[in-house]
Amino acid sequence: MADKKQNSRNNKRKNGSDDDFNPKFRKIRKKVCVMCSNKDFVLDYKNPEQLKKFINEKGKILPRRATGACAKHQRDITQTIKRARHIAILPYTQN
């Protein structure tokens, strides 16, 4: 009996049915770095509207998995936001 169950599992895999397919979960597309894909995009610490895309409603800097930036450009984003905070263009926290 156990051999029949094992054989039926092996046959399903060989026939092309996907055991890992789950309709509740779909594959998430990988985010592409904005600065890598668009060479004209330049970060500017004097432009708070541009920087608000990279901070959340509490004023925290969003992580790479949320912004989709590569490691190099995420460091640039962080540095630019910190510069803008230092000269009081962006607040450190939102009330």
Side-chain angles (χ1 to χ4, degrees):
M1 178 115 181
D3 293 332
K4 290 181 183 178
K5 286 182 183 179
Q6 188 66 28
N7 287 337
S8 66
R9 287 182 194 157
N10 290 339
N11 288 339
K12 285 181 184 177
R13 288 186 187 138
K14 289 178 186 176
N15 293 336
S17 72
D18 191 9
D19 291 336
D20 296 334
F21 176 74
N22 190 345
K24 292 182 183 179
F25 299 104
R26 59 186 181 136
K27 290 186 178 180
I28 298 173
R29 284 182 40 202
K30 187 176 180 189
K31 295 182 182 181
V32 180
C33 179
V34 178
M35 273 108 12
C36 288
S37 63
N38 185 4
K39 298 296 181 184
D40 297 332
F41 187 83
V42 178
L43 277 175
D44 186 18
Y45 69 94
K46 296 173 276 188
N47 188 354
E49 296 303 318
Q50 180 188 44
L51 296 177
K52 285 183 181 178
K53 296 176 190 174
F54 301 111
I55 59 174
N56 66 7
E57 59 275 353
K58 292 183 178 182
K60 290 184 171 185
I61 301 171
L62 292 173
R64 279 182 58 195
R65 65 181 179 270
T67 62
C70 63
K72 175 185 172 185
H73 289 119
Q74 183 67 28
R75 287 191 296 270
D76 293 341
I77 290 168
T78 303
Q79 184 180 27
T80 306
I81 290 173
K82 288 179 181 181
R83 280 184 183 158
R85 285 176 176 170
H86 185 71
I87 61 172
I89 292 176
L90 281 177
Y92 282 93
T93 59
Q94 301 286 339
N95 293 337

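From a predicted model like this one, the values you see are computed outputs, not experimental measurements.
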Report the distance from atom OH of Y92 to atom NZ of K82, rounding to the nearest 0.5 Å.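 Answer rounded to 0.5 Å: 9.5 Å.
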Between E57 (side chain only) and Q94 (backbone N and O only), is there a donor and an acceptor less than 3.5 Å apart?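 Checking the backbone N and O of Q94 against the side chain of E57, no donor-acceptor pair under 3.5 Å is found.
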List, by chain and then residue number, the residues other than I81 in its hydrophobic cluster (Ile/Leu/Val/Met/Phe/Trp/Tyr, side-chain heavy atoms under 4.5 Å); write none if there are no others.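 Via sub-4.5 Å side-chain contacts, I81 links to V34, M35, F41, L43, L51, F54, I55, I61, I77, L90.
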Which atom pair, heavy atoms only, marks the closest approach of [X] to [Y]?
X   : Y   : result
P91 : R85 : O-NE, 3.8 Å
G68 : K31 : CA-CB, 3.6 Å
Y45 : I87 : CE1-CD1, 3.5 Å

Holding to side chain to side chain donor-acceptor pair (under 3.5 Å), I want the full list of residues that pass it with T67, two or more places apart in sequence or in another chain.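 With neighbours one apart ignored, the set is Q74.
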